[in-house]
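Residue numbers start from 1 in every chain, and the chains themselves are labelled A, B, ... in the order their sequence lines are given, proteins ahead of strands.
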Amino acid sequence: MPKFESFSEKPKPKRTTEELRRSNAELRRQLEEIRLRTSKQKKETLPVSRSVSKPKKEQLSAKFEKNKERKNHKLSVLTSWVRSVFLGTVIGLAGSAAIQKSAEFFVETKYEDQLKDLKELQAMKEKAQKLFGDVFKYALDQESEGEIFEEIEKKPIAESLRLLKGGKPRQFLNKAQERMKDEEVVYPIVEDIVSSEGLIEKILIETLLADNMIPKGWVNDEVESITLKSQSHLIAYEGVNSRALASYSGGGIKEGKKEKGRIVFYKDSSEHVSAEGIFNALWHELGHANGPTSDNESNDFERLKLMLSLAERIKSPDRFYSHYVESIQEQDEQKRNYNRIMEYWAEICAQYFKDPTELHFSDFQLVDTVVKKADSDYNAFAASIQRGKMLKVLLASRLQKVG
Amino acid sequence: MILKVKNKEGKNLGIFEVTAGGFKFLEGERDEIMDHTNSDNPLFPYALKSFLEREGYLVSERYPETEEEIKKLLAGFPDDDPNKIDILKRLPEMSRLEQTTFLAGLRKIEGES
């Protein structure tokens with residue numbers, strides 16, 4: 001006898017075929033319901049996932065149009081900026097506001113801001129050491145740098161950076177800029193210079209060094225004298241076998257003190273060169289007076305950066321072609337690099353004052369950045385036109401007087 | 001090196017390509033400039049440029065490769081864009097500075113898009 005009584009459930013009765021068929025039909029219905037519900041849910045989620053992985057054609061074309069519009073707008077900004085700068089050149093306007101606009105397009109961050117950490121500065125120094133050897137240190141104000149590094153060694157890196165960015169060099173630079181704004185041109189001692197066209201009187205040179213003709217900071221604090229020597233002077237670079245027309249010596253910061261440099265013309269050479277050639281040489285020497293190892297308005301980091309930028313430019317296929325620079329063929333690579341960048345700088349400075357429109361944009365930017373430190377209102381285009389006109393008039397009147 | 005030379009009075013004397021060993025006139029007459037000595041020294045083109053400048057000629061270098069790159073970069077802009085039309089129209093007469101400024105700007109736009 002089956003012991004079912006001990007269970008609360010009674011044994012299920014056997015289902016009939018009809019009952020089984022009904023139960024199976026119910027099960028199929030329920031399964032169908034579940035399938036439908038699942039497929040509906042899938043359908044609802046599909047459009048969302050599709051839009052993320054595969055954008056519709058319309059969405060793509062809208063994005064493309066927006067990019068195109070943005071690109072066209074940028075071209076329009078570029079065109080209007082370049083036009084305003086060069087229109088200023090043609091009609092002789094002081095387009096400094098237009099030039100300032102370049103900042104919107106070519107955001108030239110300050111050197112200090114580029115120094116993300118001390119490692120970057122060290123990397124620059126190592127690069128300069130490799131390229132130029134120990135002479136790269138001429139670009140550094142040994143004393144102020146020594147002080148900063150002494151402090152840095154004692155402090156954690158964040159504080160060291162503050163010292164580098166806001167420390168002595170920047171304060172020194174700002175002071176120089178503020179001072180220059182109100183300062184008159186401090187004329188160097190000038191002598192008459194002999195040219196193939198006759199004597200260039202010192203008054204003519206002084207007139208061309210006047211305010212607005214040459215950036216004030218490129219004369220004040222930088223040039224002590226412009227004189228004429230009777231003895232000749234040989235250019236010391238290997239590959240350049242000729243006598244110098246002029247030279248620059250001294251200048252820069254020595255042991256924390258600013259020094260002015262001396263420009264000397266050599267009569268043996270100058271008497272064979274036209275008056276215009278003499279002035280081109282003067283612009284070249286002014287470049288040396290405000291160069292990577294001598295500019296009193298730049299700090300150590302800016303001078304070092306200029307050196308490295310020039311090292312790139314002298315090897316660039318679109319560099320400024322100068323017979324003088326290309327002729328420097330020192331056997332020692334570091335010496336050759338150093339001498340070439342120094343003369344390349346002076347050559348692009350001479351071109352900047354003679355006619356800046358013939359410079360490559362990269363070279364123009366290098367010189368203009370250093371000029372703007374000393375004289376933020378200086379307009380290279382207007383000044384070059386004004387200087388050219390004045391030089392013609394003054395030389396013509398002088399020649400008449402002599403004739 | 002391609003040079004455009006004008007005399008002291010601003011008269012256009014022509015455009016010519018100078019290499020170590022030869023002249024090739026691209027535009028203008030050859031009389032005045034061809035009087036100068038030729039040489040196969042690799043520095044001859046630079047020396048000639050300096051010499052002409054010292055003699056009072058107005059010398060400027062021409063850079064066809066810069067013009068070509070500007071044209072290439074402008075190809076991505078619509079043909080009816082007034083700025084594109086203006087740049088292409090003035091391109092041959094633009095100064096070195098203006099051309100290279102446009103080139104730097106266009107390279108920047110291209111890099112950002």
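One finds the CD atom of B:Gln99 at 10.0 Å from the NE2 atom of A:His360 (value rounded to the nearest 0.5 Å). Rounded to the nearest 0.5 Å, atoms CG (B:Leu58) and CD (A:Glu358) are 10.0 Å apart. Taking OG of B:Ser50 as the start and CD of A:Glu326 as the end, the distance is 10.5 Å to the nearest 0.5 Å. In this structure, OH in A:Tyr321 is found 10.5 Å from NZ in B:Lys49, a value given to the nearest 0.5 Å. Residue B:Ser60 holds its OG atom at 9.0 Å from CG of A:Asp355, rounded to the nearest 0.5 Å.
Per-residue heavy-atom pair counts under 4.5 Å with chain B were compared for A:Asp363, A:Leu359, A:Val273, and the maximum is reached by A:Leu359.
A:Glu276 does not touch chain B: none of its heavy atoms, backbone or side chain, sits under 4.5 Å away. Both the backbone and the side chain of A:Ser76 come within contact range of chain B, judged by heavy atoms closer than 4.5 Å. In this structure, no portion of B:Glu65 lies under 4.5 Å from any heavy atom of chain A. Contacts of B:Met94 with chain A are absent, with no heavy-atom separation under 4.5 Å from either backbone or side chain. Proximity to chain B (any heavy atom under 4.5 Å) is shown, for A:Ser327, by both the backbone and the side chain.
Residues of residues 71-85 of chain B having a heavy atom under 4.5 Å from any heavy atom of chain A, listed by number: B:Leu74, B:Gly76, B:Phe77, B:Pro78, B:Asp81, B:Asn83, B:Lys84.
Side-chain contact check for A:Asp318 versus B:Arg96: some heavy-atom pair is nearer than 4.5 Å. Proximity of A:Lys74 to B:Lys108: side-chain heavy atoms (C-beta onward) are nowhere separated by under 4.5 Å. The shortest distance between side-chain heavy atoms of A:Phe381 and B:Leu97 falls below 4.5 Å. Taking 4.5 Å as the limit, every side-chain heavy atom of A:Val82 sits out of range of all side-chain heavy atoms of B:Ile87.
Counted within 6.0 Å of NZ on B:Lys4, heavy atoms from surrounding residues, nucleotides or ligands total more than 12; the atom is thus considered enclosed. Residue A:Lys71 qualifies as enclosed at atom NZ: its count of foreign heavy atoms under 6.0 Å is above 12. In this structure, A:His73 places its NE2 atom where only 12 or fewer heavy-atom neighbours from other residues, nucleotides or ligands lie under 6.0 Å away.
Listed here is the closest heavy atom pair of B:Asp86 and A:Thr79: OD2-CG2, 4.1 Å.
A side-chain donor-acceptor contact under 3.5 Å links B:Thr100 to the backbone of A:Phe361.
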